[in-house]
> 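This is the structure I have questions about; it appears just below.
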Amino acid sequence: MSTTLSSAVAATGTTATTLFEKLWRDHEVGLLPGGDSLIYIDRVFLHERTGSIALQSLESAGHSVRDPARVFCTMDHIVDTFPGRGDKTLMPSGTDFIVATRQAARASGVQLFDVNHVDQGIAHVISPEQGIALPGLTLVCPDSHTCSLGALGALAWGIGSSEAEHALATNTLRVRKPKTMRVTVTGTLAAGVTAKDLILYLISTHGADGGSGYAVEFAGSAIEALGLEARLTLCNMAVEFSAFTGLIAPDAVTQAYFEGRDHAPRGDDWKLAAEYWQTLRSDDGAQFDREIIIDASLIEPMVTWGTSPEHAVAITGRVPLMDSLAPAKAESAQKALEYQAIPAGQVMAELPIDAAFIGSCTNSRISDLRIAAEVLRGKKVAAGVSAVVVPGSRRVKRQAEAEGLDKIFIESGFEWRDSGCSMCFYAGGETFGPGKRVISSTNRNFEGRQGPGTRTHLASPATVAASAIAGFIRAAEAPASKAVESTQGEVIVEEGAA
Amino acid sequence: MKAFTCHTGVAAPLLRRNIDTDAIIPSREMKRVSKLGLGEGLFAGWRYTIPGGREANPEFILNQPGYANTSILLSRENFGCGSSREHAVWALVEFGIRAIVAESFGAIFHTNCIRNGVLPVVLPAAAIAWLADFVQADPQRHRLTVDLEHMRVRCEGVVTEEFDFSLDAGAREMLLKGLDPIAQTLLENEAIARFEQARAKEHPWAFRLNGTAVE
């Protein structure tokens, strides 16, 4: 018997509402006495780093998974990405996590994308790819980059293990409603400037905590022009802006992406869903708690110099001088420069690199691989540079191989790996080593993130490819034609392709 | 969950911005499929002289005698940003940290704290700077009291200075009583089922995977 829940405040119908408020309203079971909302959760995604702990802890507390058919689990964090892999990984106890997660997933009846499942991959790559994440749904995962899926017009956010247990046991979460922010990007991004550059620009200009307390909607002509995969990249790093989540209103691009996906609605369901998705947009005159407007034409290809995603500048620029920063920021920046072993005022394009990495939930989709391969075609990675590319999913890998992208990568000197999170971080024990300077398409440049002592510079896949060839941090030449860009966001997965 | 009402202890100022959960517990320190055995890995990258080693780095504040038995941390903006790993809070709890006073917190980390009986206190920069100065003068005697009942940070010892803070009522109640949120929410099962039925009627597609209805 419900004793404490009160009804959510009914929408007035006349007030202009934001996309976030619509998604919230449609999932709000009720209001809890302390002011949190009880939010209905449509899908839960787990992975082997935390999945088994959540499932086991749930069981030992005497609870069960309320609806296992809407829970999915993948092996992405710790799993090895070397070809021919099994349960063994470079991380000494890694196998324990894989085995425990497999057992827990089977025991609780959730769908598992096991180590060598044909559709295994990174959670935030495979959930849209298979239509598990859809516009208008709520999805949570004990992984901070779950905010990627806001790009679909879904309400998706990262949670901890305890919250995962709560979502598994009750199909709800107790959440305090965040404030709303709109980031409007006007005009057009210049050729060669990608969603990755845009998000690094936003974080560098407004701080790694600039989105703290807000659900951030991205809007404007430059956002509408992005393919769906580029939108996933943008929302992926909303958490690096400290936002509760990122969001983009679903449109024709979104709808086209989902038609025919494995778990996407079909027939009458499709019509019903598509009709609903068209309503998922901020009404004219909807009020946001904060608005930021960015002129897209000001943005150049970006790269990070320090140990926070906010430590980013245009590749044509320099590391800021410490006296140009506020005292609190200068102190952190100084520590970052010590770790990165570069001086203030360093010209970014004069910085030599030891390694290049393309992969992660930020930039490992087919459009990312196409852009990088286009830069690499017919060229060689500079002598002494180690280069690795890891597709985000086995579907992406198959698609890339069907297009011959693997050959371009291999001929240029990149290692072509199997799918997983890989060198986005050190969970699976993969690293370029201490002191190595890495240009990376990933999302975090924290101290030790890619292994103890490894120095990370975040950039777009195009920049990673161009830097790998140059041996220095370098922007790719802007594509001569729109051919590369026009393929952004189009993922055509050939079912049954080897 | 361990209840939190009022706690007095040694506070250590870790005055950096954007201290991420990778720094709080590096991935290589998450060795066992467990919530336990993490305290030793807390701040491992800063606390020990070499990665994976256990030789204390004397430069790191928590290794200094003045900060023995630290149970409160002072920090700047965005403490606990980055990865959602709850291991960061489990490591803090095992080390003995009961409260963290910072200018702001990573959102997932903030929730993780509350779910594990750790009190996240948000205070403005000036208050934290004042507290850090106070503590640094004599950390073992200049202890702080974090009082959740009265939502106030007090300074013990030579001066009495107080800083009020706020916390969402739901989170406060959860912490004060040490409630289990899952058990609390399961009391609402009827309301959840009613909501679910209405949702399935309006959005049946949301409940079908591979074209099959989810029972």
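Chain letters run A, B, ... following the sequence lines, proteins first and then strands; every chain starts at 1. What's counted below: heavy atoms across the whole structure, side chains too, no hydrogens, waters or symmetry copies.
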> Please state whether the rings of A:Trp270 and A:Trp277 are parallel, tilted or perpendicular, taking 30° and 60° as the class boundaries.
perpendicular
> Is chain A contacted by the side chain of B:Thr111, its backbone, both, or neither, given a heavy-atom distance below 4.5 Å?
side chain
> Counting only non-hydrogen atoms closer than 4.5 Å, does B:Met174 touch chain A with its backbone (N, CA, C, O), its side chain (CB onward), both, or neither?
side chain
> Please flag which part of B:Phe105 lies under 4.5 Å from any non-hydrogen atom of chain A: side chain, backbone, both or neither.
backbone
> Go through A:Asp36, A:Val239, A:Leu38, A:Thr146 and name the one with the most non-hydrogen pairs under 4.5 angstrom from chain B.
A:Leu38
> Hey, are B:Arg152 and B:Asp147 close enough for a salt bridge, meaning a charged N less than 4.0 Å from a carboxylate O?
no
> Do the two ring centres, one from A:His263 and one from A:Phe72, sit under 6.0 Å apart?
yes
> Would you call B:Arg199-A:Glu28 a salt bridge at under 4.0 Å N-O?
no
> Is the distance from the ring center of A:Phe244 to that of A:Tyr214 below 6.0 Å?
no
> Are any non-hydrogen side-chain atoms of B:Leu176 and B:Phe4 less than 4.5 angstrom apart?
no
> Between A:Arg266 and A:Asp269, is the closest basic N to carboxylate O distance under 4.0 Å?
no
> Taking atom types as modelled, find out whether A:Thr456 and A:Gln450 have a side-chain donor-acceptor pair closer than 3.5 angstrom.
yes
> Under a 3.5 Å cutoff, is there a donor and acceptor pairing between the side chains of B:Trp90 and B:Asn116?
yes
> Heavy-atom pairs under 4.5 Å with chain B: which of A:Gly158, A:Ala273, A:Gly213 has the most?
A:Ala273
> Considering only heavy atoms, which portion of B:Arg28 lies under 4.5 Å from any heavy atom of chain A: side chain, backbone, both, or neither?
both
> With chain A as the partner, which of B:Ala198, B:Pro51, B:Cys81, B:Ser83 has the greatest number of non-hydrogen pairs under 4.5 Å?
B:Ser83
> So what's closer than 4.5 Å to chain A heavy atoms on B:Arg76: side chain, backbone, both or neither?
side chain
> Tell me, for B:Ala23 versus chain A, whether the close heavy atoms (under 4.5 Å) come from the side chain, the backbone, both or neither.
neither
> Between A:Glu163 and B:Arg115, which heavy-atom pair has the shortest distance, and what is it?
OE1-NE, 2.6 Å
> Please classify the contact of B:Thr185 with chain A as side chain, backbone, both or neither, using a heavy-atom distance under 4.5 Å.
both
> Tell me which of these, B:Asn112, B:Asp168, B:Asp180, B:Leu186, has more heavy-atom pairs under 4.5 Å with chain A than the rest.
B:Asp168
> Name the region of B:Glu202, side chain, backbone, both or neither, that has any atom closer than 4.5 Å to a heavy atom of chain A.
backbone
> Non-hydrogen atoms of chain A under 4.5 Å away: do they reach the side chain of B:Asn18, the backbone, both or neither?
side chain
> State yes or no: are the ring centers of A:Phe425 and A:His77 separated by less than 6.0 Å?
yes
> Just so I understand: if I count every heavy-atom pair under 4.5 Å between each of B:Gly45, B:Gly106, B:Gly82 and chain A, which residue has the most?
B:Gly82
> Would you mind checking which part of B:Pro181 comes under 4.5 Å of any heavy atom in chain A, side chain (CB onward), backbone (N, CA, C, O), both or neither?
both
> Under a 4.5 Å heavy-atom cut-off, does chain A meet the side chain of B:Leu15, its backbone, both or neither?
backbone
> If I measure from the heavy atoms of chain A, does B:Arg85 come under 4.5 Å with its side chain, its backbone, both, or neither?
side chain
> Any idea which of A:Glu331, A:Lys329, A:Gln56 has the most non-hydrogen atom pairs under 4.5 angstrom with chain B?
A:Lys329
> Let me know if B:His110 has heavy atoms under 4.5 Å from chain A in its side chain, its backbone, both or neither.
neither
> Heavy-atom pairs under 4.5 Å with chain B are the metric here; pick the option from A:Lys335, A:Met91, A:Glu240 that has the most.
A:Lys335
> Identify which of A:Ser161, A:Ser93, A:Ser332 forms the greatest number of heavy-atom pairs closer than 4.5 Å to chain B.
A:Ser161
> Answer whether the closest heavy-atom distance between the side chains of B:Leu175 and B:Ile114 falls below 4.5 Å.
yes
> Could you label the plane-to-plane angle of the B:His203 and B:Trp205 rings as parallel, tilted or perpendicular, counting under 30° as parallel and over 60° as perpendicular?
perpendicular
> Can you tell which part of B:Ser34 gets under 4.5 Å to a heavy atom of chain A, answering side chain, backbone, both or neither?
backbone
